[in-house]
Amino acid sequence: MSEAGASPSSTLEIPPHSAVPRHVAIIMDGNGRWARRRRLPRIAGHRRGAEAVRTAVRACVDRGISYLTLFAFSSENWRRPAEEVRLLMKLFRTALENEVAKLHASGVRLKVVGDTERFDPKIRKLIEQGEALTAGNQRLTLTVAANYGGRWDILQAVTRLLKNNPQLETIEETALAPYLAMSYAPEPDLFIRTGGEQRISNFLLWQLAYSELYFTESLWPDFDAAALDAAIASYRTRERRFGRTSEQLEQSKRADVA
Ligand code: FPP
């Protein structure tokens, strides 16, 4: 297993509470609309989106957030026009070529989760090299979900678990957890989706069980440090009960202070 051993499952234990979320997961939506409003091609929106990624990484480092997970390309995004897919792949490749050294210098560990088999071998090589170079960094773990889908993740985890344990008749949560793509991270405290839609879109289906959900009309290229602060401020107002009553929560807070 991984450091997630120290991060309890939200359905089995009450996770530790912190004013700053430990793990923020984001669906970066609205690049296309940002471009359309300016009569620019959609790819111009994705380019600005990549800049917003840089801003978000820096803001998370500055705020002491330990894990940032970004949905860059879903299992379903292959359905987009071939030219847009090609340009998104090119953008991902350029970002890997140009940004990994900077991420490393900032103490960021890069992880990529998803079914990367379908990617160009050059992209796969860059992912492998980027992950290896930054593996020891501890300031922020930046996870890029690429050709990722929540259902894909659960199914690949079950498949690998059963391959290693063909005798299993029932599956315990604790047995499955180490096989999930993000087993190295605690579950997200805060989920953000930009672009106005209010859905999970097959993102981290398992891991979002008890995450606080935050939806904003801001389009991803406009999502800056102040927008992140607004999301964190909303998160701070939430009562994270994890299935308990408000009274139980108050009692446990009093016990923590005593
Ligand atoms: C959603 O906007 C965005 C994507 C499918 C791609 C996200 C990619 C980036 C932000 C750039 C590259 C990322 C990295 C990690 C280097 P949309 O196209 O669905 O927007 P729309 O809903 O307005 O059409």
Side-chain angles (χ1 to χ4, degrees), residues 24-61 65 67-104 106 108-116 118-120 122-124 126-131 134 140-150 152 181-182 191-204 215-224 227-228:
V24 176
I26 309 183
I27 294 188
M28 311 178 287
D29 200 7
N31 294 346
R33 277 164 285 163
W34 184 94
R36 198 167 60 230
R37 283 178 196 175
R38 288 162 181 78
R39 298 180 190 284
L40 295 168
R42 290 178 59 81
I43 190 64
H46 294 314
R47 282 199 199 102
R48 284 299 288 261
E51 282 174 35
V53 167
R54 240 175 265 135
T55 305
V57 169
R58 227 173 293 131
C60 286
V61 168
I65 291 164
Y67 296 85
L68 172 66
T69 301
L70 302 173
F71 207 5
F73 195 86
S74 77
S75 319
E76 291 75 44
N77 282 151
W78 298 105
R79 298 171 183 162
R80 294 191 170 209
E83 182 60 4
E84 181 169 342
V85 171
R86 191 184 70 77
L87 290 170
L88 273 170
M89 290 297 148
K90 200 169 148 206
L91 188 60
F92 189 33
R93 183 174 161 185
T94 312
L96 286 164
E97 283 167 348
N98 296 339
E99 305 296 333
V100 167
K102 290 181 227 165
L103 291 173
H104 186 46
S106 309
V108 176
R109 170 172 70 152
L110 176 70
K111 300 282 265 182
V112 177
V113 293
D115 185 2
T116 51
R118 203 168 155 186
F119 289 152
D120 183 293
K122 288 187 199 106
I123 292 185
R124 280 159 57 192
L126 286 164
I127 291 172
E128 205 179 290
Q129 289 169 341
E131 288 187 332
T134 62
L140 170 75
T141 296
L142 168 65
T143 301
V144 176
N147 197 19
Y148 178 88
W152 165 84
M182 291 202 63
F191 160 92
I192 299 172
R193 182 179 185 138
T194 62
E197 312 287 355
Q198 303 196 358
R199 52 176 174 261
I200 306 290
S201 296
N202 197 19
F203 195 23
L204 302 159
F215 299 96
T216 170
E217 293 293 326
S218 276
L219 303 177
W220 176 249
D222 295 325
F223 192 85
D224 56 11
L228 178 66

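One-based numbering, in listed order, for ligands and for the atoms of each. Since this is a predicted model, take the numbers as computed values, not measurements. Note that these values count all heavy atoms, side chains included, but never hydrogens, waters or copies made by symmetry.
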*Asks:* Would Asp29 count as a contact residue for ligand 1, given that I'm defining contact as a non-hydrogen atom of the residue lying under 4.0 Å from a ligand atom?
*Replies:*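 It does; at least one heavy atom falls under 4.0 Å.
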*Asks:* Other residues, nucleotides and ligands only: do more than 12 of their heavy atoms fall within 6.0 Å of NZ on Lys102?
*Replies:*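 Correct, the count exceeds 12.
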*Asks:* Atoms of ligand 1 less than 4.0 Å from Ala72 heavy atoms?
*Replies:*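 Those of ligand 1 that fall under 4.0 Å from Ala72 are 6 (C), 7 (C), 8 (C).
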*Asks:* At a 4.0 Å cut-off, with the gap strictly under it, does some heavy atom of Arg36 reach an atom of ligand 1?
*Replies:*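 No.
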*Asks:* Which residue and atom name correspond to the protein heavy atom nearest atom 12 (C) of ligand 1, and how close is it?
*Replies:*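 The closest one turns out to be Leu91 CD2, 4.0 Å.
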*Asks:* Can you find a non-hydrogen atom of Gly30 under 4.0 Å from ligand 1?
*Replies:*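 It does, in that a heavy atom of Gly30 comes within the 4.0 Å cut-off of ligand 1.
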*Asks:* Among all protein non-hydrogen atoms, which one is nearest to atom 11 (C) of ligand 1, and what is the separation to 0.1 Å?
*Replies:*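 Looking only at protein heavy atoms, the one closest to atom 11 (C) of ligand 1 is His46 O, 3.6 Å.
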*Asks:* I need the atoms of ligand 1 closer than 4.0 Å to a non-hydrogen atom of Asn77, numbered in the order shown.
*Replies:*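 Atoms satisfying the 4.0 Å criterion: 5 (C).
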*Asks:* Looking at ligand 1, does any of its N/O atoms fall within less than 3.5 Å of an N/O of Asn31?
*Replies:*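 Yes, Asn31 has an N/O under 3.5 Å of an N/O on ligand 1.
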*Asks:* Where does the angle between the aromatic ring planes of Phe191 and Phe203 fall among parallel (under 30°), tilted (30 to 60°) and perpendicular (over 60°)?
*Replies:*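 Tilted, since the angle between the ring planes falls between 30° and 60°.
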*Asks:* Using a 4.0 Å heavy-atom threshold (strictly under), name the region of Arg80 that reaches ligand 1: side chain, backbone, both or neither.
*Replies:*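 Answer for Arg80: side chain.
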*Asks:* Would you say Gly49 and ligand 1 have an N/O pair spaced under 3.5 Å apart?
*Replies:*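 No, no N or O pair falls under 3.5 Å.
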*Asks:* Looking only at distances, please establish whether an N/O atom of ligand 1 is found under 3.5 Å from an N/O atom of Arg33.
*Replies:*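 There is such a contact, yes.
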*Asks:* Which ligand 1 atoms, with their elements, are less than 4.0 angstrom from a heavy-atom of Ala95?
*Replies:*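 Heavy-atom distances to Ala95 below 4.0 Å select 16 (C).
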*Asks:* Between Asn147 and Trp152, do the side chains contain a donor N or O and an acceptor N or O under 3.5 Å apart?
*Replies:*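 Short answer, no.
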*Asks:* Relative to atom 1 (C) of ligand 1, which among Met28, Arg42, Glu197 owns the nearest non-hydrogen atom?
*Replies:*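 Heavy atom nearest to atom 1 (C) of ligand 1 belongs to Met28.
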*Asks:* Write down the atom of Val144, the atom of Ala72, and the distance for their closest heavy-atom approach.
*Replies:*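 That would be CG1-CB, 3.6 Å.
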*Asks:* So which protein heavy atom does atom 14 (C) of ligand 1 come closest to, and at what separation?
*Replies:*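 Ranking protein heavy atoms by distance from atom 14 (C) of ligand 1, first comes Val53 CG2, 4.3 Å.
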*Asks:* Which pair of heavy atoms, one from Arg193 and one from Arg199, lies closest together, and at what distance?
*Replies:*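 For Arg193 and Arg199, the tightest heavy-atom pair comes out as NH1-O, 2.9 Å.
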*Asks:* Please determine if Arg38 forms a cation-pi arrangement with Trp34, meaning its NZ or CZ atom is less than 6.0 Å from the six-membered ring centre and no more than 45° off the ring axis.
*Replies:*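 Positive - Arg38 is close enough to the ring of Trp34 and near enough to its axis.
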*Asks:* Restricting to non-hydrogen atoms, name the atom on Leu140 and the atom on Tyr67 that form the minimum distance, rounded to 0.1 Å.
*Replies:*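 Of all heavy-atom pairs spanning Leu140 and Tyr67, the closest is CD1-N, 3.8 Å.
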*Asks:* Can you name the nearest heavy-atom pair linking Leu88 to Ile43, along with the distance?
*Replies:*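 Result for this residue pair: N-CD1, 4.3 Å.
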*Asks:* Over all heavy atoms of both residues, which pair between Ser201 and Ile27 is shortest? Give the atoms and the distance, please.
*Replies:*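 Closest heavy-atom pair between Ser201 and Ile27: CB-CD1, 4.3 Å.
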*Asks:* Heavy-atom contacts with Gly32 under 4.0 Å: which atoms of ligand 1 show up? List them by number with element.
*Replies:*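 Heavy-atom distances to Gly32 below 4.0 Å select 17 (P), 18 (O), 20 (O), 21 (P), 23 (O), 24 (O).
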*Asks:* Would you name the heavy atoms of Met182 and Val113 that are closest together and state the gap between them?
*Replies:*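 Closest approach of Met182 to Val113, heavy atoms only: CG-CG1, 4.0 Å.
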